[in-house]
Amino acid sequence: MPEAPARVGASLYAEQIQQRQATSMGLPERTDTVVQRVITLITDDISGEQGDDIATHVFSIDGISYEIDLGADNYDKLLEAMGPFVSAGRKISGSRRGQGKRAQASGAKPDPVKVREWAKAQGIEVSMRGRVPKDVVEKYEAAH
């Protein structure tokens with residue numbers, strides 16, 4: 001074996017020898033660069049569809065919080081199904097068991113059904129499906 005050159009450290013020289021041996025045995029050349037690419041695909045939990053409009057929604061029943069990922073169509077169905085109960089219910093500021101950090105950080109968002117009704121009364125055009133535009137929600141909050 002050749003002697004290690006003075007300017008190359010012993011461990012680097014040993015790695016070079018190991019790489020030459022691995023190459024001579026037909027093993028792939030070692031690279032020190034590692035690349036990792038993570039792709040997160042959010043899927044509608046009801047329809048199984050994927051898309052950019054899929055969002056996570058949180059709701060609670062009997063003190064138990066649930067998360068569900070829904071596209072605009074299924075979110076509208078959820079709002080439509082829960083609408084009469086939400087309208088008749090009383091809003092509370094926190095649960096008896098305490099709120100998690102996520103619930104506290106997100107803050108209370110206005111009811112999209114009420115925002116749409118208010119916008120319609122104000123002459124503001126808002127789609128009956130999908131998310132209510134942020135500027136309309138801000139105007140609603142400013143008025144209330």
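These numbers were taken from a predicted model, which means no experiment stands behind them.
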So, do [X] and [Y] sit near enough that their side-chain heavy atoms are less than 4.5 Å apart?
| X | Y | result |
| --- | --- | --- |
| Asp73 | Tyr75 | no |
| Ile39 | Arg37 | yes |
| Val113 | Ser87 | no |
| Val115 | Val136 | yes |

Q) Counting only heavy atoms not in Glu80, do more than 12 sit closer than 6.0 Å to its CD atom? A)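 Result for CD/Glu80: open.
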Q | Atom CG of Asp52: over 12 foreign heavy atoms under 6.0 Å | A |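 Not buried by this count: 12 neighbours or fewer within 6.0 Å.
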Q: Determine the interplanar angle of the Trp118 and His144 rings, folded into 0 to 90°, and report it as parallel if under 30°, tilted if 30 to 60°, perpendicular if over 60°.
A: perpendicular
Q | Single-linkage hydrophobic cluster, 4.5 Å side-chain cutoff, Leu78 and Met128 together | A | no
Q | Cluster check Ile61, Ile68: I/L/V/M/F/W/Y, side chain < 4.5 angstrom | A |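 In one cluster: yes.
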Q | Gap between atom OH of Tyr140 and atom CD of Gln122 - 0.5 Å precision | A |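 These two atoms lie 11.0 Å from each other.
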**Q.** Spacing of Phe59 atom CZ and Ile64 atom CD1 [to the nearest 0.5 Å]
**A.**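 If we round to the nearest 0.5 Å, Phe59:CZ and Ile64:CD1 are 11.0 Å apart.
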Taking [X] for its side chain and [Y] for its backbone only, find out whether a donor-acceptor pair lies under 3.5 Å.
| X | Y | value |
| --- | --- | --- |
| Asp45 | Asp69 | yes |
| Arg116 | Val126 | no |
| Asp76 | Gly130 | yes |

Q. Does the pair Leu70 and Ile46 meet the rule for a side-chain contact (heavy atoms from CB on, under 4.5 Å), with working shown?
A. CA-CA 7 Å; Leu70 298 173; Ile46 302 297; 3.7 Å; yes
Q. So, for Val137 and Pro110, which heavy atoms are closest and what is the spacing to 0.1 Å?
A. CG1-CG, 3.6 Å
**Q.** side chain to side chain contact (heavy atoms under 4.5 Å, CB included) partners of Ser47, counting only residues at least two apart
**A.**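 In terms of side chain to side chain contact (heavy atoms under 4.5 Å, CB included), with neighbours along the sequence ignored, Ser47 is linked to Asp44, Glu49, Asn74.
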Q: Sequence neighbours left out, what passes side chain to side chain contact (heavy atoms under 4.5 Å, CB included) with Lys120? Give chain and number order.
A: none
